[in-house]
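First up is the structure itself, then whatever we jot down about it.
The chains referred to below are lettered A, B, ... by the order of the sequence lines, with proteins before strands, and numbering in each begins at 1. All values below were derived from every heavy atom in this structure, side-chain atoms included, with hydrogens, water molecules and symmetry-related copies excluded.
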Protein chains: 2
Amino acid sequence: MFNNIGPLRKETKQKVLAAAKTLNYHPNTIAQNFARGKSNNIGVIVPYLQKVNLISTFYFSELLSGIGSKLGELGYGLLLLFQSPDAPKDYVQLFLSQRVDGCIILGLKDTPGEVEALEKLHQLSLPYCVVNQTFSGHFFHTLDANHVDGSLQAVSHLLKKGFEQVIFLNGPAEFSNSRDRLKGYKEAFAKNGRVSYNLELVFQGNYSRKSGYQAVASIAPLLSDIKAIFAANDRMAIGLMQGLREQGYHAGEDYALVGYDDSELAKTTTPSLSTVKVPLFEMGELAAEKVLQKIPQTKAKEIPELLPVTFIERESSQIKLDQLSGI
Amino acid sequence: MFNNIGPLRKETKQKVLAAAKTLNYHPNTIAQNFARGKSNNIGVIVPYLQKVNLISTFYFSELLSGIGSKLGELGYGLLLLFQSPDAPKDYVQLFLSQRVDGCIILGLKDTPGEVEALEKLHQLSLPYCVVNQTFSGHFFHTLDANHVDGSLQAVSHLLKKGFEQVIFLNGPAEFSNSRDRLKGYKEAFAKNGRVSYNLELVFQGNYSRKSGYQAVASIAPLLSDIKAIFAANDRMAIGLMQGLREQGYHAGEDYALVGYDDSELAKTTTPSLSTVKVPLFEMGELAAEKVLQKIPQTKAKEIPELLPVTFIERESSQIKLDQLSGI
DNA sequence: ATTTACTATGTACGCGCGTTCATTATCCTA
DNA sequence: TAGGATAATGAACGCGCGTACATAGTAAAT
């Protein structure tokens, strides 16, 4: 009746609705879900990293808002699930107990444990979507941004300014994001007519500000020769910026620095940080759509797997090689 | 049987459990909830402020983690609900449809509309808890941090350094947080033997970085006389810091600056920002406990309404009045 | 051996809705 | 006006579990 089953005269409908109002009737969601055999909730799994936010809160907030916005629009609830890092991964469990009709997984790494857990999900063809991580050799349902291109844009920006080489502070290789950025880094050299990149200029942090700060020990000695740095996220870039300042190197003056993410931090630092903007909110929306589509009896719509990113120039890289007084 | 009803022999239990495993039996959460007549979810209502994050993402992330952690521990799910600012407030609706067994409300203001919505909830004695906001003249279930004390600590810190007056950039008065901070500001003068505070030194932003930046127009002219500033949150403090730098005033050198929140930003600015740390994660945990207690048949435990905060000294205020060369 | 207490197991019902099928009312066409 | 089509209404069932109650089994007490 309420679900538009069968033809129905307008007046009839009006009468029922009026009666419902006077009787203060409210359909019981639990009973509805029970009768329909689905929870009407999508689980969003976020890593529960107490205090240590490897991936920034900005990142999650934007994604969550996007997901929540789209789910709400389509009549689904958003069940937030914190995955403790030590607990064994078992996403299937969520479905067996019918707690969710689908799930969106954030903050994954490409590790054997995760791959195994995803394979189970996939084999049972349960509705899921992994955001911001891809898996080499597997065809999981994923949604990512084009980090190869983002990295390419960032490094090209530096090369076009005249820098011959670029120091690169990347993240751990378990994140496909890191691998993609390295690929973009390499491509940038080819596309800008450079002889080649130099892998000795590639360092690894863990996406935390601290790791950026610590990388100063390895990177500072190189700054006498190479005046351009690309960091795989804003937080490492800022750690680096802080550490290098202590050594007397100032971003935007003594060297050019580019970060990645366009987090809030990028606007608040001095100098402000050139960076690459990732459409996190939109990713959230699309991830929600993608999962819902995989629920049986839902109509399909083509959703891309890779979203575009855009480079944003700020102060930290507003310097050209020829402006640098020789040291 | 599974719910420990009646006495049960160990072996019997073992047998059933074994059978359940071989048959791959999983209790159906939906049916359980239905039979029990409760959803087993707590709704967390967050304001949906598209792009414009008046209240920082840091704030929500920490709170959410705390809430989720405690709810998970106690066997409840966390249903994330985005409240669009224009939609009429109706928290009761959530309960009528049985979508949640209780709710935690974040990011509220003290406006007539909100008060009305809360009064309905309260009259029906539904389980809810408002976090980080209190309401003058009402006795709602709230959980807040002691911002009077935080403000008192921050301003006292400045007064003890020898500054006679302190410029105060506060937030909107609809937030009880703002009113509390003003109270603490006033108390600080009394407790530190000053003649009095001066309300002409109190300005109002809206907790955004931009509003801090814009406040420079009013505040910069005063800096020739008064060298100490307290901002009601870190973001405004940073906006202020950026704006004042453009005028040639450097925090920690030309004037002392203290923020509030201890967000990530406070550590990444130059100079780093003295601030007041709020135990957001713990607030989340306690809010969760508080709501669950209000669900019938749940045992009570005394939970405070006001949590302590702590002042953190960083570089931006590491300067004393007598160190300032007269201008 | 019989009672009494306790433990163990089985049975039946209902939660509130969706859904399907049977029934009745209304309309249009011949 | 009769006949078929379509619209509206009503009745019945089941989703999977919790719960209360009735029954059967077992051990301790008399």
Side-chain angles (χ1 to χ4, degrees), chain A residues 1-43 74-77 79 90 92-103 124 126-127 292 295-299, chain B residues 1-43 74-77 79 90 92-103 124 126-127 292 295-299:
Chain A
M1 155 86 77
F2 285 101
N3 308 312
N4 300 319
I5 279 184
L8 192 63
R9 209 170 18 176
K10 270 189 208 166
E11 341 158 13
T12 317
K13 191 164 183 175
Q14 290 300 328
K15 266 165 60 184
V16 176
L17 257 47
K21 188 160 281 181
T22 59
L23 292 173
N24 196 28
Y25 170 78
H26 291 269
N28 183 319
T29 311
I30 311 177
Q32 281 181 323
N33 293 342
F34 176 59
R36 284 196 253 252
K38 41 180 286 190
S39 71
N40 216 27
N41 287 144
I42 298 297
L74 301 176
Y76 278 83
L79 200 62
D90 186 2
V92 176
Q93 180 63 38
L94 291 171
F95 289 92
L96 291 178
S97 62
Q98 303 259 61
R99 287 192 65 192
V100 300
D101 298 337
C103 72
L124 298 170
L126 294 168
L292 293 183
I295 296 176
Q297 303 170 342
T298 314
K299 43 188 172 290
Chain B
M1 153 87 76
F2 285 100
N3 308 312
N4 301 317
I5 279 184
L8 192 63
R9 209 169 18 178
K10 271 189 207 166
E11 340 159 13
T12 318
K13 192 164 184 176
Q14 291 300 329
K15 266 165 61 184
V16 176
L17 258 47
K21 188 158 281 181
T22 58
L23 291 174
N24 196 29
Y25 170 78
H26 291 268
N28 183 320
T29 310
I30 310 178
Q32 280 182 324
N33 293 343
F34 175 58
R36 284 196 253 252
K38 41 180 284 189
S39 71
N40 216 27
N41 286 145
I42 297 296
L74 300 177
Y76 278 82
L79 201 63
D90 185 2
V92 176
Q93 181 62 40
L94 292 171
F95 289 91
L96 291 178
S97 62
Q98 304 260 62
R99 287 191 67 192
V100 301
D101 299 336
C103 72
L124 297 169
L126 294 167
L292 293 183
I295 296 176
Q297 303 170 343
T298 314
K299 46 187 170 289

Nearest to the [X] side chain among [options], which nucleotide is it?
X     : options                : value
B/F34 : D/dC17, C/dC15, D/dC15 : C/dC15
B/N28 : D/dG18, C/dC17, D/dG16 : D/dG16
B/Q32 : C/dC17, D/dC17, C/dG18 : D/dC17

Report the secondary structure of DNA chain C in dot-bracket form, marking unpaired bases with a dot and bases paired to a different strand with |, and treating Watson-Crick or G-U pairs with both distances under 3.5 Å as paired. .||||||||||||||||||||||||||.||
Determine whether A/H26 and B/Q93 make a side-chain contact, defined as any pair of heavy atoms from C-beta on separated by less than 4.5 Å.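 Answer yes - side chains close enough.
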Contacts of type side-chain hydrogen bond (donor to acceptor under 3.5 Å, both in side chains), residue B/N41, not counting sequence neighbours: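 For B/N41, no residue satisfies side-chain hydrogen bond (donor to acceptor under 3.5 Å, both in side chains) once neighbours in sequence are set aside.
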For A/D101, side-chain hydrogen bond (donor to acceptor under 3.5 Å, both in side chains) partners two or more places apart: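 In terms of side-chain hydrogen bond (donor to acceptor under 3.5 Å, both in side chains), with neighbours along the sequence ignored, A/D101 is linked to A/S39.
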Tell me whether A/S97 contacts the main-chain N or O of B/T29 through its side chain, where contact means a donor paired with an acceptor under 3.5 Å.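 Not at all, since once roles are kept as given, no pair shorter than 3.5 Å links the two residues.
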Those residues that, when tested against A/A35, pass side-chain contact (heavy atoms from CB on, under 4.5 Å) (two or more places apart): none
How close or far is atom [atom2] of [N] from atom [atom1] of [X], stated in whole angstroms?
X     : N      : atom1 : atom2 : answer
A/R99 : D/dG16 : CZ    : C1'   : 18 Å
B/I30 : C/dG16 : CD1   : P     : 17 Å
A/L96 : D/dG16 : CG    : P     : 14 Å
B/N40 : D/dC17 : CG    : C1'   : 14 Å
B/K38 : C/dC15 : NZ    : P     : 19 Å
B/R36 : D/dC17 : CZ    : P     : 11 Å

Roughly how far, to the nearest 0.5 Å, is CG of A/N40 from CG of A/L79?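 CG of A/N40 is found 11.5 Å from CG of A/L79.
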